[in-house]
Each structure stands twice: as C-alpha cells, then as structure tokens.
Number of protein chains: 2
Amino acid sequence: MTTPQSVEADLGWALFATVRYYRQISEDVLAELPGGARGYQVLAAAGRGDPSSQLALAQQLGVDRTVMTYLLDDLETAGLVERKPDPADRRARRILLTDAGEAALCDAHRCLRAAEETLLEPLEPAEREGLRSMLHRLATRTDPSGTPINCTEAAALTDPEPLPPRRRRARR
Amino acid sequence: MTTPQSVEADLGWALFATVRYYRQISEDVLAELPGGARGYQVLAAAGRGDPSSQLALAQQLGVDRTVMTYLLDDLETAGLVERKPDPADRRARRILLTDAGEAALCDAHRCLRAAEETLLEPLEPAEREGLRSMLHRLATRTDPSGTPINCTEAAALTDPEPLPPRRRRARR
DNA sequence: TATTGTTATACTCTATAACTATA
DNA sequence: TATAGTTATAGAGTATAACAATA
C-alpha cells in the first residue's frame, strides 16, 4: 500500500496549511495595507526599481492583469504608488513608490519579518534559512522541460466520465 | 535599509509561488477527481479511518463546513465516498471510502507523488525530505502561545485612515 | 495585427443565515 | 441551549470580453 499514513505526510496538505497560516498572520500584520500580502509584494517589487510594468508585476505575482489594475487603484488611492507612463512604450506604465509608499514598505517589511519568525518558530534557527533557500529555488525554477504533466491512468481509474456539470444539486 | 533585495528573498512570495505551482500540477494530475487536491485530501483522510466527521474534515482542511458539504456531494456522486450516520452521535456522519474511492485514492496518490517529485526537482534529493519535514512541523504546530500578532506601528505608518470602502471606483 | 491597460460583466469560490435533526 | 449537517443566499475574488491607446 502506498497511501500515506497521515495527512501530515501529504506535502500538498502541509503546503496549504502553511500558506493558510502565513495568510492569517500577514493579514493581521498588514491589515491597513491595501491588498494585504499581495499589496506588500507590489510595493516590494516597485521599491526595488524593477522594470515593473503592470503586466510584469501581475505575472510576477501570478495574478491576472485586471486584478493588478484594481490592486494598483487601491495602492494609488492610498498614496503609496504612482503610475508613470513609460517613455519607451507609451502603452505601458511604470509603477513607482511614493515617499509614503517607501515608508509603508519599510515598516511593513519589518513587521512581516517579525511575523515570519513566529511562523517559523517550530524550526531550528539553522533550518529557517534552509527553508527560505529551498522555497526560493522552488519558486524561481527555470522549468526547462516544459513537459506537460499528465496521468491518464489516474483519470481512467477515478472516473471514466468527464462529469461536466458540477455542484449545486438539489436533494430531499 | 531592511527591505529585501529581491522578491525572491520574500518568504511569502516564495510560498505563494510554490503553492501556485503545486496547485497547477495537482490540477493537471487530479483533473478527473472531484475537488482536485482538496478532494484528494478528503479521500486520504477517509482512507486513513480517522474520526472523520464532516466537521473534523473541514477543520483539518481549513475550509468552512458548508464547503465540505458541497465537496462531499461531488465525491459521493462520483461513488468515491459514503456518508454513514455515526452510531455514537446521530447528528454526525462518518465519511467512508467505497472500493472505487480506495482505488481512486491509491492511484491519485501514486500520480501525485510523481508530480511532487517534479515540483521538488530543483532540490537535492536529501533536501526534499528536509522540506517535507519542515513543512510538516509548520503545519502541525501546536501554537501554544496563542498570542495575537499585531503591529500597530505599521498600521499607523501605512495609513492612518481605515479606508473602509474598497474597490470598484469609476474614473475617466 | 498585436499588446498594455481599463472597464463592465460573468463566473467561481467561500462565507452567512436560517433551518432540521439530534444532543 | 448547543452542535452537525444542509440549503439558499450573499458576498468576495477572479477571469472573460470588449474597448482605447499605442506599438
């Protein structure tokens, strides 16, 4: 039998649970920051002086470009970022931090680091850097293969029919 | 200055990006399984013969009990689980795997393990177990303190006003 | 023609509230 | 009275499609 002995042995479950926890503490700490953890990441990217078009930011954060528009609307309304037309491509806009945005980023970064230490508390100090390093490598993978993952056997076993219509069925 | 030099130094960003990747590969691999990765985790918990009331499962997966109802509806419709009244508490229902559910779980587990190895490819083989162990400990933390995290300084700096109404403002 | 950004709209997911049945 | 589960509804969050401006 190859099934796991406990949920905890499940990498996916552990990942989701950890992210859930991270989301919670970052929401507490960044409650006043528009967009929460996501807003922070936008500020961090802009503060680094990256190329930072809206599209580039959206791809970096793994969200749709329309979502980035709303996110930046909130950050701009709060006075933390500016949208400046890119002189090299007048379709694009470069996202720049305001002074207030810089201060907010710096402060949020400090708070987040403290919260992260709480998150990482169950680990040995030496392990914490190891985890950061590993997640960093996983997140920045070059993904050279591009080989699409499929597992048709599983598909066939679990359910031959495509079960197209989902959810909301009446009963009783 | 204490701001990070790159997004990649941001633990939150790395976590989110990794989960995004995991979600993608697990969706590919578990496409036919109702509920995707979440459905798999329900099957895995049920297959373990845990207490497994719907509420217990919901808490384990970090979802609302109403979400668990919908999830189990789909799994039951697909013939993978059964809801059996708990003889000890007739309000509750124990979630049991059917034979088809057992087969689907076993197969999904095998496929998922393979997909996880793809995910973990950037790491040394020895590191992979270390990552699993660390995430396991983070996810199963006892959280003895319960001290609520707050960071009022950050709140004050980033935005004194609570900015209550959010999103969808007209422009132009 | 293709791309960036915006807007409106539709859809999906999740949470809230009300209810039934048990305790 | 409180809890497990269900259902309908409302609310987030996200994606789709159409458009303007620019390449």
Side-chain angles (χ1 to χ4, degrees), chain A residues 16 19-20 23-24 27 31 34-39 41-42 46 50-77 81-96 163-172, chain B residues 16 19-20 23-24 27 31 34-39 41-42 46 50-77 81-96 163-172:
Chain A
F16 291 160
V19 163
R20 209 153 52 227
R23 214 182 290 273
Q24 187 193 300
E27 265 168 27
R38 197 165 269 173
Q41 283 160 10
V42 172
D50 281 358
S52 318
S53 72
Q54 295 189 192
L55 192 59
L57 285 173
Q59 287 166 344
Q60 204 165 36
L61 268 65
V63 300
D64 194 84
R65 59 187 176 147
T66 62
V67 174
M68 184 54 62
T69 296
Y70 303 138
L71 197 44
L72 289 171
D73 284 351
D74 293 340
L75 290 169
E76 196 174 36
T77 300
V81 302
E82 275 180 332
R83 286 192 246 226
K84 301 245 288 186
D86 183 339
D89 181 347
R90 301 213 334 262
R91 293 172 302 180
R93 304 183 171 199
R94 302 205 158 243
I95 305 307
L96 302 174
L163 44 123
R166 267 212 218 171
R167 284 188 54 174
R168 279 329 106 118
R169 281 164 315 301
R171 231 177 314 154
R172 264 186 193 175
Chain B
F16 290 159
V19 163
R20 208 152 53 227
R23 212 181 290 272
Q24 186 194 300
E27 265 168 27
R38 198 167 268 170
Q41 283 160 9
V42 172
D50 282 359
S52 318
S53 73
Q54 296 190 192
L55 192 59
L57 285 173
Q59 288 165 343
Q60 204 166 35
L61 269 64
V63 301
D64 194 82
R65 57 186 178 149
T66 62
V67 174
M68 185 54 62
T69 296
Y70 302 138
L71 197 44
L72 288 171
D73 284 351
D74 293 340
L75 290 169
E76 197 175 35
T77 300
V81 302
E82 274 181 332
R83 288 191 245 226
K84 300 245 287 186
D86 183 339
D89 181 348
R90 300 212 336 260
R91 294 172 302 181
R93 303 184 171 197
R94 302 206 159 242
I95 305 307
L96 302 174
L163 42 123
R166 267 212 218 169
R167 284 186 55 174
R168 277 333 103 112
R169 281 164 316 297
R171 229 177 317 156
R172 270 191 186 172

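The chains referred to below are lettered A, B, ... by the order of the sequence lines, with proteins before strands, and numbering in each begins at 1. From a predicted model like this one, the values you see are computed outputs, not experimental measurements. These numbers come from the heavy atoms of this one structure, side chains and all, not from hydrogens, waters or symmetry mates.
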Minimum heavy-atom separation for A/A46 and A/S52, please, with both atom names. CA-OG, 4.4 Å
Which distance, rounded to the nearest 0.5 Å, do you find between the CZ of A/R93 and the CD of A/E82? 12.0 Å
Within the pair B/R38 and C/dC13, is there a side-chain N or O less than 4.0 Å away from OP1 or OP2? no
Would you say A/T69 places a side-chain N or O within less than 4.0 Å of OP1 or OP2 belonging to C/dT6? yes
Integer-rounded Å distance: [N] [atom2] and [X] [atom1]:
| X | N | atom1 | atom2 | answer |
| --- | --- | --- | --- | --- |
| B/Q59 | D/dA4 | CD | P | 8 Å |
| B/D74 | C/dC13 | CG | C1' | 13 Å |
| A/R23 | C/dA15 | CZ | C1' | 15 Å |
| A/D86 | C/dG5 | CG | P | 9 Å |
| A/Y70 | C/dT9 | OH | P | 11 Å |
| A/E27 | C/dA15 | CD | P | 11 Å |
| B/D73 | C/dC13 | CG | P | 15 Å |
| B/L72 | C/dT14 | CG | P | 14 Å |

Enumerate the protein-to-nucleotides 1-4 of chain C contacts in which both atoms are nitrogen or oxygen and the separation is below 3.5 Å.
{"unit_1": "C/dT3", "atom_1": "O4'", "unit_2": "A/R91", "atom_2": "NH1", "d": "3.2"}
{"unit_1": "C/dT3", "atom_1": "O2", "unit_2": "A/R91", "atom_2": "NH1", "d": "3.0"}

Mind checking salt bridge (charged side-chain N to carboxylate O under 4.0 Å, His left out) for [X] and listing every partner two or more places apart, or none if nothing turns up?
| X | result |
| --- | --- |
| A/R20 | none |
| A/R65 | none |
| B/D64 | none |

By nearest-heavy-atom nucleotide on DNA chain C, the more 5' of B/A88 and A/T66 is A/T66
Hits for side chain to side chain donor-acceptor pair (under 3.5 Å) against A/R91, two or more places apart or cross-chain, chain-then-number order -> A/D89
Could you check A/P87 against A/G62 and say which one's nearest nucleotide on DNA chain D is further toward the 5' end? A/G62
List the residues meeting side chain to side chain contact (heavy atoms under 4.5 Å, CB included) with B/L72, not counting sequence neighbours, and say none if there are none. B/V42, B/Q54, B/M68, B/L75, B/V81, B/R83, B/I95
